[in-house]
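Please read the structure below before turning to the comments.
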Amino acid sequence: MKQMKILKSILACAVLLAGTLLITNCEVDETQTVTNFENLVMADEFDVDGAPDPTLWTYDIGDGSAEGIPGWGNNELQYYTDRPENVKVENGLLVITAREEAFDGSSYTSARITTQNLFEQQYGRFEARIRMPLGKGIWPAFWLLGNDCDINPWPQCGEIDVMEYLGDAPTIVFGSAHGPGYNAGDSISKEYELENDRFDTGFHVFGIEWGPDYINYYVDDELYQQITPETTAEEAVDNVPNPGEWVFNRPFYIILNIAVGGNLPGAPNEDTQFPQRMYVDYVRVYN
């Protein structure tokens, strides 16, 4: 297992180097790309079976109604738990499992783990190597939230969606940014579509490289979107406080989850099979 992890580290560095060449070709300042593997500041390789590392990860629990936002603000259908049935580390992978089962008033269970108050960083490269689940109503994500959301409510605190995916579109992922004037259905977002492949049949690396004035979005070694303060100003809707304000200037923490149903994917249908699992090979952060 350790030899496999070393090999993955070497491959990850190669991907980053390829990313540098791609950015240069796209006429984006190559200093915006983190290529020095020695700059790794956080990594979970999921080498130890059992619960996720408690020094890095905590859990969001419930159906989202405790804070007055039913369905976690999106009319989602799942109840998040910390049970091993929904989240565990096994055979070198983090496994998040969505299940169809009656649980505390909900018809589905899943898990949402975060690094809130355990690991937060402003700027750098955030990446994860993930294999997706499949099915209508299945909505996994790898995303970041501003660390002051408790006192500076969303969307003012900012949200960076490194990767979102809808289980009935297995060739497409998208990256988004949410802030004041550009959030929810008006977020700044762009799709990335695989050619001759699917996200549910193999692992892919999803990442952002984030600095004071940009967020670059990647799938594997390909840069497919850049968001800047100018982008947010152009995309912001009218008649809101601070339209287009750039709020990505504070530490953010990491979230990994599978939602079931909700405003974006809709509910599962008769073709959706359960359980559905998202497999995470590693999470790494560079400064």
Side-chain angles (χ1 to χ4, degrees), residues 60-81 86 96-114 130 132-146 149 153-193 199-200 206 217 225 227 232 235-240 243 247 252 254-276 278:
D60 284 334
I61 303 292
D63 62 4
S65 61
E67 302 297 327
I69 47 171
W72 300 95
N74 301 299
N75 294 308
E76 298 163 23
L77 304 176
Q78 78 288 332
Y79 192 103
Y80 286 131
T81 87
N86 295 116
I96 296 178
T97 303
R99 298 181 176 276
E100 185 175 20
E101 59 178 331
F103 192 94
D104 204 7
S106 297
S107 298
Y108 303 92
T109 61
S110 186
R112 176 162 130 171
I113 64 172
T114 92
I130 302 173
M132 301 300 183
L134 181 68
K136 171 67 175 174
I138 304 300
W139 183 11
F142 165 41
W143 50 300
L144 315 178
L145 272 180
C149 281
W154 186 93
Q156 189 68 37
C157 63
E159 174 182 332
I160 302 171
D161 299 320
V162 183
M163 178 282 300
E164 291 184 271
Y165 162 93
L166 305 182
D168 58 345
T171 65
I172 295 172
V173 296
F174 50 99
S176 307
H178 301 254
Y182 51 99
N183 56 75
D186 294 312
S187 65
I188 302 168
S189 186
K190 187 173 182 180
E191 292 184 349
Y192 177 93
E193 185 167 6
F199 287 110
D200 64 314
F206 307 95
Y217 290 76
Q225 173 170 222
I227 296 173
T232 61
E235 294 293 328
V237 298
D238 294 331
N239 302 317
V240 297
V247 293
F252 277 53
I254 300 169
I255 304 172
L256 290 162
N257 70 290
I258 300 178
V260 180
N263 299 335
L264 186 58
N269 61 22
E270 64 276 7
D271 296 324
T272 308
Q273 299 181 7
F274 288 90
Q276 285 294 326
M278 176 169 71

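Heavy-atom basis, side chains included; hydrogens, waters and symmetry copies ignored. Computed from a predicted model, the values in this text were never measured in an experiment.
The ring pair (Phe, Tyr, Trp, His ring centres under 6.0 Å) test applied to Y217 returns no partner, not counting sequence neighbours. By the salt bridge (Lys or Arg N to Asp or Glu O under 4.0 Å) test, E101 pairs with R83, sequence neighbours left out. Residues passing the side chain to side chain donor-acceptor pair (under 3.5 Å) test with E100: none are found, sequence neighbours excluded. Judged as a ring pair (Phe, Tyr, Trp, His ring centres under 6.0 Å), and not counting sequence neighbours, the contacts of Y79 are F103.
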**Request:** Could you check V260 against W139 for side chain to side chain contact (heavy atoms under 4.5 Å, CB included), going step by step and ending with a plain yes or no?
**Result:** CA-CA 6 Å; V260 180; W139 183 11; over 6 Å; no
**Trace of the ring-ring contact (aromatic ring centres under 6.0 Å, His included) decision for F199 with F206** = CA-CA 11 Å; F199 287 110; F206 307 95; 5.6 Å; yes
**Request:** Decide yes or no on side chain to side chain contact (heavy atoms under 4.5 Å, CB included) for F142 and E164, but give the supporting numbers first.
**Result:** CA-CA 7 Å; F142 165 41; E164 291 184 271; over 6 Å; no
**Message:** side chain to side chain contact (heavy atoms under 4.5 Å, CB included) for D63 and Y80? Distances and angles first, verdict last.
**Reply:** CA-CA 6 Å; D63 62 4; Y80 286 131; over 6 Å; no
Table please: side-chain donor-acceptor pairs of residues 263-270 below 3.5 Å, with sequence neighbours left out.
| unit_1 | atom_1 | unit_2 | atom_2 | d |
| --- | --- | --- | --- | --- |
| N263 | OD1 | N75 | ND2 | 2.8 |
| N269 | OD1 | D271 | N | 2.9 |
| N269 | OD1 | T272 | N | 3.3 |
| N269 | OD1 | T272 | OG1 | 3.3 |

Determine all donor-acceptor pairs shorter than 3.5 Å in which one atom belongs to a side chain in residues 168-181; sequence neighbours excluded.
| unit_1 | atom_1 | unit_2 | atom_2 | d |
| --- | --- | --- | --- | --- |
| T171 | OG1 | E193 | OE2 | 3.4 |
| S176 | OG | S189 | OG | 2.7 |
| H178 | ND1 | A184 | N | 3.1 |
| H178 | NE2 | D161 | OD2 | 2.9 |

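Side-chain contact between I255 and R112 is present, with at least one heavy-atom pair separated by less than 4.5 Å. When side chains are defined from C-beta on, I160 does not count as touching W143, because their heavy atoms never get closer than 4.5 Å. Side-chain contact between D60 and T114 is present, with at least one heavy-atom pair separated by less than 4.5 Å. Within the 4.5 Å cutoff, side-chain heavy atoms of T232 are placed close to those of I188. Between F274 and I138 the shortest side-chain heavy-atom distance falls below 4.5 Å.
Here the shortest heavy-atom pairing between I258 and Q276 reads CD1-O, 4.0 Å. In this structure, M278 and A141 approach most closely via the heavy-atom pair CE-O, 4.2 Å. Nearest heavy atoms, T97 versus P275: CG2-CB, 3.6 Å. In terms of heavy-atom proximity, Y108 sits nearest to L77 at CD1-CB, 3.9 Å. Residues M132 and P140 approach most closely at SD-CG, 4.1 Å, considering heavy atoms. Of all heavy-atom pairs spanning S110 and I96, the tightest one is OG-CG2, 4.1 Å.
When only modelled atom types and interatomic distance are considered, T109 and N86 share a side-chain donor-acceptor pair under 3.5 Å.
With rounding to the nearest 0.5 angstrom, the CH2 atom of W72 is 9.5 Å from the CG atom of N257.
When atom types are taken as modelled, the side chain of Y165 and the backbone of P133 share a donor-acceptor pair closer than 3.5 angstrom.
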